[in-house]
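Right, one structure below, let's go through it.
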Amino acid sequence: MFDIEEELKKLPEKPGVYLMHDKDDHIIYVGKAIVLKNRVRQYFQKSRSVSPKIERMIGQIAWFEYIVTDSELEALVLECNLIKEHNPKYNTMLKDGKSYPFLKATISEDYPRFVFARQMKRDGAKYFGPFTSAAAIRDTIELLNRLFHLRSCRKALPHDIGKERTCLYHQMGQCPAPCQGNVAKEDYQENFRKALSFLNGNTKDVLRDLEQKMKAFAENMQFEEAAVYRDLIDSVKRVTERQKITSDDNEDRDIIAMARKEDEAVVQVFFIRGGKLIGREHYYLTGVYEEEEPHIIGAFIKQMYAGTPYIPRELWTECEPEDSRAILEWLGKKRGHKVLLRNPKRGEKERLLDLAKRNARMVLEQDAEKLKRERERTLGAMEEIAGLLGLDGLNRVESYDISNINGFETVGSMVVFEGGKAKKNDYRKFRIRSVAGPDDYHSMEELLTRRFTHGQREDLGEMDSFRLFPDVIFMDGGKGQVNVAERALGQLGIDIPVCGMVKDDYHRTRGLFFHNEEIPIDTHGQGFRLITRIQDETHRFAIEYHRQIRGKAQVHSILDDIPTIGATRRKALMKYYESIDGIKNATVEELKRVPGMNERSAQEVVRFFKCENTQ
């Protein structure tokens, strides 16, 4: 029995993180403290002064635990990680898990490229961004390649020069084909340096050159060629217009402002890079009712920058966030340099903050009804399903299906929904190994055994999603599939509710099979719609994987049946002769001229086709 009064006496006078648990052992709140003894005791003092929300949380605390750290900074980092891991009910939560892409310049390559990148790494490349629009990055890469005649392929040059034919981009006149040695490395790198200069804002020379070429073609009545340069000029202007000048100090900063209404809030962030506004994004927060603005802004900053690889030099906010000193120390360590926090009160800086706030307010007003519908469609639907099944809560759902055609290449699918939304990063495919023929039950038993045996391993890393077990398992079927799942879980000593998604004669969802009885569903409710989405997604994922496996099995060359002829020699033969008939009629000496072919391989080819012709 946990005695709160006794445990309060044991609290250390050290920094750390505390976790509040309810009677069902759910973590309902995570907080950090400079001195654990003082902070945690405040929750249980009769003279406490807390918000009504925290008062309700205190009433649900059954026990608490704490983790001691060496410093307040370590406590803040740990608090961020634990909030992200457990999604506590009473913490202010960031609803979006967005990550922002970069434009990557592979400057360390002999023939460098511009590529799209999801993360910034220490790989010798130069990164631009982050950007809020993936489409904007791809448009910019396409424009750079066209303007400066750069390659878009992934070939390892100069190692792969001359190994393959030129691509379509060369035939269209958009790539000089360095893969064929058509352009000197020095000339190519000079073009790339011009492209880097263009990205840094030096666009006047490029525009002037394009306009001169457009006018020259137009004067010579070559209007189609002139139109090509006209479109390029428009593309350059669109790219440069995205980067509106907001200051002349070339600093990187994020401008953060908030609007709130009841338990919902929207935080608007303007991304300033090199003194230019490169984009903006808004974020939804929940659990803000009765919370003070410094607390909300502090919670947002911690969750936002815990998951982003890039930290700007400055943050502008309307108010001083809670834990600002520790936050700045933490951000400085992540960035590798000092991070500044500013609260502008007048002039142009205040106007920028006010603009961000007006945007946040507009989003909140316009999206109020959409947010309500989205909640009903996701979290509301999960609550409805939990009520149908008599479960206390429902967050993570895993659903499974088997696919085969007459037992050929049996495969299984696992799809995951969290908070009512598909979590595609956690989807998994299984190729059934131990079952021959069309046996869905034993195939499902193998699938579930493999999935949860892996999930029980103690050496799983933090990023392995198999370590997360679902609140309920959905099976694409009725009683038979449910029994198979329960048997597989029972053999592993795992207790997870299993529910079957039952279909009618028209292959439409009609109910749920749970605890040996069929539960009818309101076909007009959000719970029914979510179950249908889960069932359709599970089936789609399994079918697509099976189609992929079948396609690979059907792609087979007669050359694969020749001893000593692997993928490399097969490719070399087809490139050299361009037809099977040419290979059939070749002699040993002729075959030896093919790159990679030796005496033995050439003899095997001749012997194979000689035997084939006599059959």
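- Not a single salt bridge (charged side-chain N to carboxylate O under 4.0 Å, His left out) links R569 to another residue, sequence neighbours left out.
- Applying the salt bridge (charged side-chain N to carboxylate O under 4.0 Å, His left out) criterion to D401, with sequence neighbours excluded, gives no partner residue.
- Annotation: salt bridge (charged side-chain N to carboxylate O under 4.0 Å, His left out) contacts of R208 (sequence neighbours excluded): D205.
- For F217, the ring-ring contact (aromatic ring centres under 6.0 Å, His included) partners are Y229, not counting sequence neighbours.
- A search for salt bridge (charged side-chain N to carboxylate O under 4.0 Å, His left out) contacts involving K163 returns D160, not counting sequence neighbours.
- Sequence neighbours left out, the pairs with a member in residues 594-604 that pass salt bridge (Lys or Arg N to Asp or Glu O under 4.0 Å) are K592-E599, E604-R607.
- Shown here are the side chain to side chain donor-acceptor pair (under 3.5 Å) partners of T564, two or more places apart in sequence or in another chain: S601.
- Electrostatic pairing of E544 and R540 counts as a salt bridge here, judged by a charged N lying under 4.0 Å from a carboxylate O.
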In residues 164-172, what donor-acceptor pairs under 3.5 Å come from side-chain atoms, sequence neighbours left out?
| residue | atom | partner | partner atom | Å |
| --- | --- | --- | --- | --- |
| R165 | NH2 | E578 | OE2 | 3.3 |
| H170 | ND1 | C175 | O | 2.9 |

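- Checked against side chain to side chain donor-acceptor pair (under 3.5 Å), D123 has the following partners two or more places apart in sequence or in another chain: K104, Y127.
- By the side chain to side chain donor-acceptor pair (under 3.5 Å) test, S413 is found to be paired with no residue, residues two or more places apart in sequence or in another chain being considered.
- For residues 187-199, the set of pairs meeting the salt bridge (Lys or Arg N to Asp or Glu O under 4.0 Å) definition, not counting sequence neighbours, comprises E190-R193.
- Partners of S443 by side chain to side chain donor-acceptor pair (under 3.5 Å), not counting sequence neighbours: none found.
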